[in-house]
Amino acid sequence: MSQNATLEHSAFLRATRQEPGDRVPVWFMRQAGRSLPEYKEVRGPGTILNAIQDAERAAEITLQPTRRYDVDAAILFSDIVTPVFAVGFGIDITPGVGPTCEQPFQSADDLGRLRPMDPDNDLSFQTEAVEKLVSELTIPLIGFAGGPFTLASYLVEGKPSRDYAKVKALMMSDPDLWHRLCDRLADLAIGTLQNQVAAGASAVQLFDSWAGALRPEHYREYVQPHSTKILAAMKDLGVPRIHFGINTGELLPQIAEAGAEVVGVDWRTPLSAARERTGGHVALQGNLDPALILAPWEVLEKEVRRVLADNNGHPGHIFNLGHGVLPQADPDQLARVVDLVHAEGTARGPVSQGASA
Ligand code: CP3
């Protein structure tokens, strides 16, 4: 069997199709990076964008967690701001802070700093890293991009924000400019995702991490059309699409509507409730509280079992945290979580919903 055909039967890809399998697949958002001592050794000086642009180093950092943990998928070491950076908008990642722009997006003039992407020139480092990884990995590689609201929040605020005041003000006061901005961001997301899939990525995730700051009517009007466009552009590429944001309990129906096969759920919403809110049409990914990795094993173990029990054996479940691995997380605890999910989790279909289930 070719490697692609073998991957099609992997626990991860089966779960995205809601097919019963031998085990519940598991991987962790932000599994590569700051929580690993071996990351600190190879990351090098400068900002993380320097490491991302070095294909050799980015591939090595992507592989690091797959050596430590028996995870069912790898995620490319990159960042959601990579495409915006690559077209020269003027964005950086300040260590300990996050994405920052010296000249935030303020008016239509700033659209000129978001020129169309030319993947062959702008993203050659990414193509090289993905190609190298798929030749080495025996598990699927997940590619990703940032969602419209989350990326726009960094561009407009110029830094991480608690209240999203500036970005919401722009969205509500100048909807025309807002939609033009999001349209450019959507095109950049499509460019980077298509590039990752062409180079061999087996799945893609759209991270609209901060979209949960919006009420459902506003999400539907200002954000969902752009996410729908991104996901629709990926539909015929034959890879599953995952769509995730934190604090999105109230937005789960709209997020499911945008078109992905898998919806990520943060720790605030039980998987059983998320399944109802998404109408049962999508697979779910999540949703252990990342803070629990810092708890004593007896506590953590109980909570892992709680997530599995809440999923009730549904085949469309990819175990993950409800958000990224915290920098202070102990890698050994994550390794134990993976092993427990594999030992205990069954993906054979709901167990207590009638004899025919
Ligand atoms: O998941 C993985 O292991 C792949 C790597 C990955 C990174 N960023 C590497 C990174 C992924 C998937 C991302 C996505 C990302 N980046 C998101 C969406 C996921 C989420 O957490 O909601 C967001 C919102 C960003 C923006 C961003 N980049 C933030 C908020 C930060 C943290 C700033 C800090 O230092 O506290 C970053 C920096 C960043 N991205 C680091 C890593 C490993 C740490 C910086 C470093 O090593 O210098």
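Just so you know, ligand 1 is whichever comes first in the structure, and atom 1 is the first atom listed for that ligand. When a residue number appears, it is its place in the shown sequence, counting from 1.
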Residue pair Asp92 / Thr47, side-chain donor-acceptor N/O under 3.5 Å: yes
Taken in chain and number order and not counting sequence neighbours, the residues that satisfy ring-ring contact (aromatic ring centres under 6.0 Å, His included) with His243 are none
Can you classify the ring geometry of Tyr164 versus Phe149 as parallel (below 30°), tilted (30 to 60°) or perpendicular (above 60°)? tilted
Taking only residues two or more places apart in sequence, or in another chain, which ones meet Arg34 in a side-chain contact (heavy atoms from CB on, under 4.5 Å)? Arg30, Tyr39, Pro327
Residues that Val304 engages under side-chain contact (heavy atoms from CB on, under 4.5 Å), provided they are two or more places apart: Leu288, Leu300, Leu308, Phe319, Val337, Leu340, Val341
Can you list every pair where an N/O of ligand 1 is under 3.5 Å from an N/O on the protein?
unit_1	atom_1	unit_2	atom_2	d
ligand 1	1 (O)	Arg30	N	2.6
ligand 1	3 (O)	Gln31	N	3.2
ligand 1	3 (O)	Ala32	N	2.9
ligand 1	3 (O)	Ala32	O	3.2
ligand 1	8 (N)	Arg30	NE	3.4
ligand 1	8 (N)	Asp79	OD1	3.0
ligand 1	16 (N)	Arg30	NH2	3.4
ligand 1	16 (N)	Asp79	OD1	2.9
ligand 1	16 (N)	Asp79	OD2	3.4
ligand 1	21 (O)	Arg30	NH2	3.2
ligand 1	21 (O)	His323	NE2	3.1
ligand 1	22 (O)	Ser209	OG	2.5
ligand 1	22 (O)	His323	NE2	2.6
ligand 1	28 (N)	Asp79	OD1	2.8
ligand 1	35 (O)	Arg34	NH1	3.2
ligand 1	35 (O)	Gly96	N	3.1
ligand 1	36 (O)	Arg34	NH1	2.8
ligand 1	40 (N)	Asp79	OD1	2.8
ligand 1	47 (O)	Tyr39	OH	2.4
ligand 1	47 (O)	Arg43	NE	2.9
ligand 1	48 (O)	Arg43	NE	3.0
ligand 1	48 (O)	Arg43	NH2	2.7

Does the side chain of Gln126 pick up a donor-acceptor pair with the side chain of Thr192 at under 3.5 Å? yes
